[in-house]
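Remarks on the structure that follows.
Below, chain A is the first sequence line, B the second, and so on; all start at residue 1.
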2 protein chains.
Amino acid sequence: MFRIVSEENMDVRCGDCLEVLKEVPDESVNLIVTSPPYADRRKNTYGGIEPDKYVAWFLPIAAELLRVLKPDGSFVLNIKENVVDGQRLTYVLNLVLELQRQGWRWTEEYLWVKPNPFPGKWSTRFRDAWEHLYHFTKSAEFQMHQERVMVPKGDWAKKQGTLSEKFHHRTESATGSGFGRNHAAWLDRDYVLPDNVLRLAVESRNRGHSAAYPVALPEWFIKLFSNQGDLVLDPFAGSGTTGVACKMHGRKFMGIDIHQQNCDITIARWKDTVPLTGKRSAA
Amino acid sequence: MFRIVSEENMDVRCGDCLEVLKEVPDESVNLIVTSPPYADRRKNTYGGIEPDKYVAWFLPIAAELLRVLKPDGSFVLNIKENVVDGQRLTYVLNLVLELQRQGWRWTEEYLWVKPNPFPGKWSTRFRDAWEHLYHFTKSAEFQMHQERVMVPKGDWAKKQGTLSEKFHHRTESATGSGFGRNHAAWLDRDYVLPDNVLRLAVESRNRGHSAAYPVALPEWFIKLFSNQGDLVLDPFAGSGTTGVACKMHGRKFMGIDIHQQNCDITIARWKDTVPLTGKRSAA
DNA sequence: AGCTCTTATGAATCATTGA
DNA sequence: GTCAATGATTCATAAGAGC
C-alpha cells in the first residue's frame, strides 16, 4: 500500500487492486467503469499479465467488484483483444464466459467505434477502429436513465450540412465532453434514443500515459447508469479519466491504481476539472 | 438431397449443409462468406438450433469448410448473439474458441455497424446496431488485396471526430453496392485504406425472403479476399446475396441451402444480376 | 434534374395472451 | 406452470409522388 489521498467526493488509493478492494464495504458502489491492462507478454508494460494467466488474474478482482457493487449497479468493462503471431488472442472470450459463471449477468455489449484509429499499415489486417464495452449487472433490474443520453434525430443531424456553421467554435471533440453540452440549443429539436454503438474520437492530446479512452466514454455510462451523488469506481484508474467524468457530473469517485505516478495524475486531473453547472449538466 | 441447379459459374445445391459439403473436393474453395442461422428456442424458425447445441451443430460443418478451403483462403462468419431472459447468449463466444481449437486461425474481427437498426424501446438496452464479422484463415499467409477496398480520403478520414460525424452516421449505400460504385468519381481523389469497421445500412427492399446482409457486405470481402474467377462458397445461402456479389464481380459461386424456396430465390437473383463491367468493377 | 413530403419496412425485444 | 405465438414499440433508409 502506497498512500491514500481522499478529498470530498474523491478517493484515490494507490496499491494492488485486489488488496485495496478488500477494504471496500459490501454493496457500496453504484457503478464500475474501467479499462484494465491488456494481456501482454512483455513484462515491462503496464500490468504485463500474460495472456494465458489473464482470466485467472482477473477473476478474483471481479469477485470483489461483484461484492462491492450495489444490487442495482452496473459494471462496464472496456477491453480489446490484441494480436499475437497474426491472431487475435482469446482471453477476452474466456473472460466473459467466466464472469458470467461467476454470477455476473452479461446484459449487453456496447461498442466503442473510433472514427480516427491509430494509423498504421499491415499486410493481413486494417487499422483497428473499435473496442468492446461489456455491460454486466448483478440483477435483471438495474438503474438505467435512457433519456439522459438521447441524441438529435437523424433527419435533423443529417440536414445540418452546415453544422459547422452553427457549432463552429464548439468542437464536440471528446475532450469537450460532448454529451450534454449545448443541450439548451437542442431543446426545441426532436430527440431519439441512441443505439448500442458509441462513436467517439480518440483523444490525441494525452499527457504521455498509455492510451486512455475519451472523457465522453465514461461520461456516457455515468449519466446512463448512475445518479448525482452516487459512487463510481474505477479499479484501474490509469490517467483518471473516469474521475474527470465523475467530477463533471457530480458523482463521487473512487480510483485505484498500482502506480504512484498514475495516482498523482488522477488526483491532479480531478482537481483541475470544473463541475458542469446548470444547463450544461444534463444529469 | 433435393436438386442441383448448375450453370456456368453458378452451382446452387439444396440439401443439408453437412451432407452437401462432403461432395465438395478438398481445397477447392477460395473464400467462404456466410451468415448461419442464429440459435433460437423456437423450433419452427429457420434452422431452429437450440443455443446449448449450437456449437456441437456447427463444428462438423466447420470441419468440412476447413477441408474444402484452399490454403490461402479465408472464411468470413457473420453472426450475432441474441438476447434471452435479458442476457446475451454466449454460444458465439464458445464457437470462436472451438473453431480456433479446430485449426482455424482467428485472424481478425471486423464489425458490421448499421446506421438503421431495427427500432424498438426497452428498459434495459438500446437498439442493437452491430454484428460480428469474424475472419478466419487456414494459414498465416492468405490472399488479401487491400487496395481494392480503399475509400476516398475526404469522405472518411477528414471529418473524423467532428460533431456531424458523431451524430450523422456516414454510410455507404447498401442497395447501390456502395463499395466500388462511383469509382470513376473517385479517380481524381486521394484514397486511404479503410479500417475494420464496415458501416452499411440494412437493406429493406428484399421482401419475402428472410432479409440477409446487404450486397455491399459480401462484395467487400470478395474483392478483398479473392480474385476474379475464384470460387466463393456460401453454405447458408439464404436469399443468395453472396451469389449476387459473386456474379457482379466475376467470381464463381457455390450456394447451399436446406430450403427449396431459398434455393429458388438464390438462383433467380443470380440470374437477374448484371456483372459489373469496365470501370465499375474495381476488381 | 433536384427538392420536399409521405409511406413502407426491417436477422429485435419484451410483455401479454393462449395452448 | 412451461412453452409458444401475438402485439406494441420505434426510427433510419429507400422509394415514390408531387412540384
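When ring centroids are compared, W270(B) and F253(B) stay outside the 6.0 Å threshold. The distance between the ring centers of F225(A) and H135(A) falls below 6.0 angstrom.
F126(B) and Y110(A) have perpendicular rings, their planes meeting at more than 60° on a 0 to 90° scale where under 30° would count as parallel. Using a 30° and 60° split on the angle between ring planes, F75(B) and W104(B) fall in the tilted class, from 30° to 60°.
The side chain of R88(B) places an N or O atom within less than 4.0 Å of a non-bridging phosphate oxygen (OP1 or OP2) of dT13(C).
Of the candidates dA12(D), dT13(C), dC14(C), dC14(C) carries the atom nearest the T124(B) side chain, counting heavy atoms from C-beta on. Comparing dG10(C), dC14(C), dT13(C) by their nearest atom to the side chain of V202(B) picks out dG10(C).
Contact check on D128(B) versus K80(B) returns a salt bridge, with a Lys/Arg side-chain nitrogen under 4.0 Å from an Asp/Glu carboxylate oxygen. The pair R88(A)-E108(B) meets the salt-bridge criterion, with a side-chain N (NZ, NE, NH1 or NH2) lying under 4.0 Å from an Asp/Glu carboxylate O.
Side-chain atoms of S74(B) and T137(B) form no donor-acceptor pair, as typed in the model, at a separation below 3.5 Å.
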Item to complete: Would you sketch DNA chain C in dot-bracket for me? Only Watson-Crick or G-U wobble pairs with both distances under 3.5 Å count, crossing pairs as [ ], other-strand pairs as |, the rest as dots.
Response: .|||||||||.||||||||
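No contact: S123(B) has no heavy atom under 4.0 Å from any strand.
DNA chain C is contacted by both W112(B) and Q87(B); W112(B) maps to the nucleotide lying nearer its 5′ end (nearest heavy atom per residue).
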Scan nucleotides 9-11 of chain D against the protein and return all N/O pairs shorter than 3.5 Å with their distances rounded to 0.1 Å.
{"residue": "dT10(D)", "atom": "O4'", "partner": "G120(B)", "partner atom": "N", "Å": "3.3"}

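Scored by the side chain to side chain contact (heavy atoms under 4.5 Å, CB included) test, E141(A) finds no partners at all (sequence neighbours excluded).
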